[in-house]
Amino acid sequence: MRHASSFLRSEKARMLSAPILPRALNEECGVFGIIGHDGPAAPIVALGLHALQHRGQEAAGITTYHDGQFHSDKQLGLVADHFNAEEVLAKLHGTSGIGHTRYSTTGESSLRNVQPLYADLDRGGIAIAHNGNLTNARNLRQELISKGSIFHTTSDSELFVQLTALSRGLTMSDKVIDAARAVEGAFALTVLTRDALIGVRDPVGIRPLVLGKLGDAHVLASESCAFDLIGAEFIRDVEPGEVIVCGRDGSLVSRRISAEAKNPRPCIFELIYFARPNSFVDGESVYDIRKRLGRTLAEESPVEADIISPIPDSGVPSAIGFAQASNVDYEMALIRSHYSGRTFIQPDQKVREMGVARKHSANAGVVRGKRVVLVDDSLVRGTTSRKIIKMIRDAGAKEVHLRVACPPITHPDFYGIDTPSKDELLASNNTVEEMRQQIGADSLAFLSLDGLYKALGKGPRDGDAPAFTDHCFTGDYPTSLIDQDKTESRIEQLSFLREAR
Ligand code: AMP
């Protein structure tokens, strides 16, 4: 581990004086991995991360392995800001590697939290990249600290490293499985060891992970769009609760975190907002899914209008579906600047509002004198829609209606999609009519929960066994929320510390 070692030494000193309990880290991330490539892994990992950039824009990191040594480089900023340079990639030797792109909105965004995280264990080094959030991280961390573990980061992902190190499992994959059994919450991991690339998806399958092939090499990524960029063939989704061990020799072994199968409940918000439209989830195009959300919304809540416009970019496919179903012209009422960065993550509401204005401009020539329907994928705090509706009115629109291609978001997420607390969620504290008044629309409607399931081909929602986790809309969380509920941690989760396999 070349570059990180001196950094780790100074960081360790800082960590020992840092507060023991981490602040909540709400991370949206992308992970990638490759093993058995017939050339250098690093440029492929960099390209994969580039395709996953929408999952996290704060920092990126790559770790590779070559001939007994791990090589790592991590930087704050966009993938292309750093991992484009030949001299950077040339230092990351080896034909296997993993990468991570990160977006944390609260908590620390310092370099020490940037992944992949690395540790030397008794069976060799291990590097881990994690997408998702754990719901018992705080509890487990306290338990491990009380047993003598020293944490180097404030990221919940470090638990995987610590727990893997403590496991007495015989092989690296045994150890990783022990760690996965001890944690609760959402995790899609790519793990690099000397001999293997390991992919792990949590038992409920909250965050996505897909498997592909590039020549003889196995590849893993958060989303299939990463395979398109590198020319890899999509093989299949990693199953919820599955551990895929891809050997350097081209072998592939599928294991399970636990023999007990859980009802898979992938996160519905990946389909609504988070995944890139050109990705395929469970064999279905995300773009097509979003168009169907828009169509169903148009059937449920039609409007007499002259034009339908998306709030770009994320509202585009659902607005196309809405326009096609309503037989009304699809136009761009807003022009989006691609140079403004993200507005959602700004910590301060005032700054967030200015950000919306920097990002979108009204297209006066299109909206003047028109009845405009704006379609967006979701409404969270209402910042975007309030600003945009005013902008469109100021540009001369006669009426401005808002249609939202998902149900009202009433509950926070604890699994890695950044949503604010209940107090800040507009739909958590207001009726639809109150929201309409606050955002200043002539009418406002959301896709119904059953409409959402219907559009996804799984409806109506089955209360006992819903096909997705839809906690943002229902409060029905698919795992225990040990940290959030402040319940006692279950000590048996660490039982592997006491017994050898
Ligand atoms: P708001 O302005 O707070 O109502 O946020 C709604 C806008 O943010 C929508 O246009 C969404 O496309 C986008 N959005 C929704 N959820 C997220 C998220 N978790 N992270 C970043 N952006 C989001």
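- For Glu284, the salt bridge (charged side-chain N to carboxylate O under 4.0 Å, His left out) test picks out Arg292, with sequence neighbours left out.
- Side-chain contact between Leu117 and Ser157 is present, with heavy atoms from C-beta onward closer than 4.5 Å.
- The nearest pair of heavy atoms linking Ala180 to Phe160 is CA-CE2, 4.5 Å.
- Here the closest heavy-atom approach between residue Cys29 and residue Ser222 is recorded as O-OG, 4.3 Å.
- Qualifying side-chain hydrogen bond (donor to acceptor under 3.5 Å, both in side chains) partners for Ser428, counting only residues two or more places apart in sequence or in other chains: none.
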Practice prompt. Using the side-chain contact (heavy atoms from CB on, under 4.5 Å) rule, take Leu452 and Ile272 through it: C-alpha gap first, then chi angles, then the decisive distance, then the call.
Written response: CA-CA 9 Å; Leu452 172 59; Ile272 292 168; 4.1 Å; yes

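- Without hydrogens or angle criteria, Thr190 side chain to Phe32 main chain gives a donor-acceptor distance under 3.5 Å.
- Annotation for Lys454: atom NZ does not count as buried by contact number, only 12 or fewer foreign heavy atoms lying within 6.0 Å.
- For the residue pair Thr135/Tyr477, the side-chain donor-acceptor check at 3.5 Å is not satisfied.
- Using a 4.5 Å heavy-atom threshold, the side chains of Asp306 and Val328 count as separate.
- A distance of 4.5 Å separates CG in Leu271 from CD1 in Ile289, rounded to the nearest 0.5 Å.
- Here OG of Ser224 is found 14.5 Å from CZ of Arg236. Values are rounded to the nearest 0.5 Å.
- Note that CD1 of Ile44 is 6.0 Å distant from CD1 of Ile230, once rounded to the nearest 0.5 Å.
- Side chain to side chain, Gln75 and Asp81 fail the donor-acceptor criterion of an N or O pair below 3.5 Å.
- Pro412 has its side chain within reach of Leu425: a pair of non-hydrogen atoms, C-beta onward, lies under 4.5 Å apart.
- Panel note: side chain Arg265, backbone Gly205; no donor-acceptor pair is recorded below 3.5 Å.
- Here the side chains of Phe446 and Ser301 are not in contact, with every heavy-atom distance at 4.5 Å or above.
- Of all heavy-atom pairs between Asp376 and Ser314, the closest is OD1-OG, 4.0 Å.
- Expressed to the nearest 0.5 Å, how far CG of Leu379 lies from OG of Ser385 amounts to 4.0 Å.
- Checked by atom type and distance alone, the side chain of His100 never pairs as donor or acceptor with a backbone atom of Val114 at under 3.5 Å.
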Practice prompt. Go through the steps for Glu331 and Lys370 under the test salt bridge (Lys or Arg N to Asp or Glu O under 4.0 Å), then give the verdict.
Written response: CA-CA 11 Å; Glu331 300 282 359; Lys370 301 270 175 57; over 6 Å; no

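- At most 12 heavy atoms of other shown residues, nucleotides or ligands fall within 6.0 angstrom of atom CZ in Arg368.
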Discussion item. Run the side-chain contact (heavy atoms from CB on, under 4.5 Å) test on Ile311 and Leu334 for me, step by step, so that the C-alpha distance in whole Å, both residues' side-chain angles and the decisive distance to 0.1 Å come before the verdict.
Written reply: CA-CA 7 Å; Ile311 297 188; Leu334 290 155; 4.2 Å; yes

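- Looking at every heavy atom in both residues, Pro312 comes nearest to His360 through O-NE2, 2.9 Å.
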Worksheet item: Stepwise, does the side-chain contact (heavy atoms from CB on, under 4.5 Å) test hold for Leu92 with Phe83?
Response: CA-CA 10 Å; Leu92 295 165; Phe83 291 107; 4.2 Å; yes

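- The backbone N or O of Gly416 lies less than 3.5 Å from a partner atom in the side chain of Asp413, making a donor-acceptor pair.
- Under the 4.5 Å side-chain criterion, counting only non-hydrogen atoms from C-beta, Arg55 is in contact with Pro208.
- Not a single donor-acceptor pair under 3.5 Å links the side chain of Asn131 to the backbone N or O of Ala188.
- A salt bridge between Glu242 and Arg201 is absent, with no side-chain N of the basic residue lying under 4.0 Å from a carboxylate O of the acidic one.
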Worksheet item: Could you walk me through whether Arg381 and Glu424 pass the salt bridge (Lys or Arg N to Asp or Glu O under 4.0 Å) check?
Response: CA-CA 6 Å; Arg381 297 182 183 87; Glu424 288 178 87; 3.2 Å; yes

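- Salt-bridge check for Asp313 with Arg336: passed, with a basic side-chain N closer than 4.0 Å to an acidic carboxylate O.
- A donor and an acceptor atom, one from each side chain of Asp470 and Tyr453, are located under 3.5 Å apart.
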Practice prompt. Before giving the answer on side-chain contact (heavy atoms from CB on, under 4.5 Å), spell out for Met332 and Val366 the whole-Å C-alpha distance, their side-chain angles and the decisive distance to 0.1 Å.
Written response: CA-CA 7 Å; Met332 297 301 285; Val366 161; over 6 Å; no

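- A distance-only check finds no donor-acceptor pair linking the side chain of Asp156 to the backbone of Ala137 [under 3.5 Å].
- Note that Arg403 lies outside the cation-pi zone of Phe322, set by a 6.0 Å cut-off to the ring centre and a 45° limit from the axis.
- Separation of atoms CG (Asn429) and CG (Asp423) is listed at 6.5 Å; rounding is to 0.5 Å.
- Using a distance-only test at 3.5 Å, with no hydrogens or angles considered, no donor-acceptor pair links the side chain of Ser318 to the main chain of Asp377.
- Counting heavy atoms from C-beta on, the side chains of Val45 and Ile34 come closer than 4.5 Å.
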Discussion item. Determine whether Thr479 and Tyr415 satisfy the following criterion, side-chain hydrogen bond (donor to acceptor under 3.5 Å, both in side chains), listing intermediate values before the conclusion.
Written reply: CA-CA 10 Å; Thr479 71; Tyr415 301 110; 2.9 Å; yes

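- Looking only at side-chain heavy atoms (C-beta outward), Arg112 and His152 stay at 4.5 Å or farther from each other.
- Here the side chain of Asp483 pairs a donor or acceptor atom with the backbone of Asn139 at under 3.5 angstrom.
- In this pair, Phe269 and Phe473 present their aromatic rings tilted. The plane angle is within the 30 to 60° band.
- Side chain of Gln53 to backbone of Leu78: no donor-acceptor contact under 3.5 angstrom is found.
- Nearest heavy-atom pair, Ala319 versus Ile308, reported as atom, atom and distance to 0.1 Å: O-CG2, 3.8 Å.
- Results of the side chain to side chain contact (heavy atoms under 4.5 Å, CB included) test with Leu449 over Pro407, Pro460, Pro466, Pro408 single out Pro407 as the only residue that passes.
- Side chain of Thr101 to main chain of Gly56: a donor-acceptor pair is present (N/O by atom type, distance under 3.5 Å, no hydrogens or angles).
- Sorted by first and then second residue, the salt bridge (Lys or Arg N to Asp or Glu O under 4.0 Å) pairs with a member in residues 434-450 read Arg393-Asp442, Glu433-Arg436; sequence neighbours excluded.
- For the atom pair Ile98 CD1 and Ile128 CD1, the distance stands at 7.5 Å (nearest 0.5 Å).
- Under the 4.0 Å criterion applied to side-chain N and carboxylate O atoms, Asp476 and Arg461 are assigned as salt-bridge partners.
- By the 6.0 Å contact criterion, NE2 on His411 is enclosed, its count of non-hydrogen atoms from other residues, nucleotides or ligands being greater than 12.
- The closest side-chain heavy-atom distance from Leu456 to Ile268 is below 4.5 Å.
- Scanning all heavy atoms of the two residues, the minimum distance from Glu304 to Glu399 falls at O-OE1, 4.5 Å.
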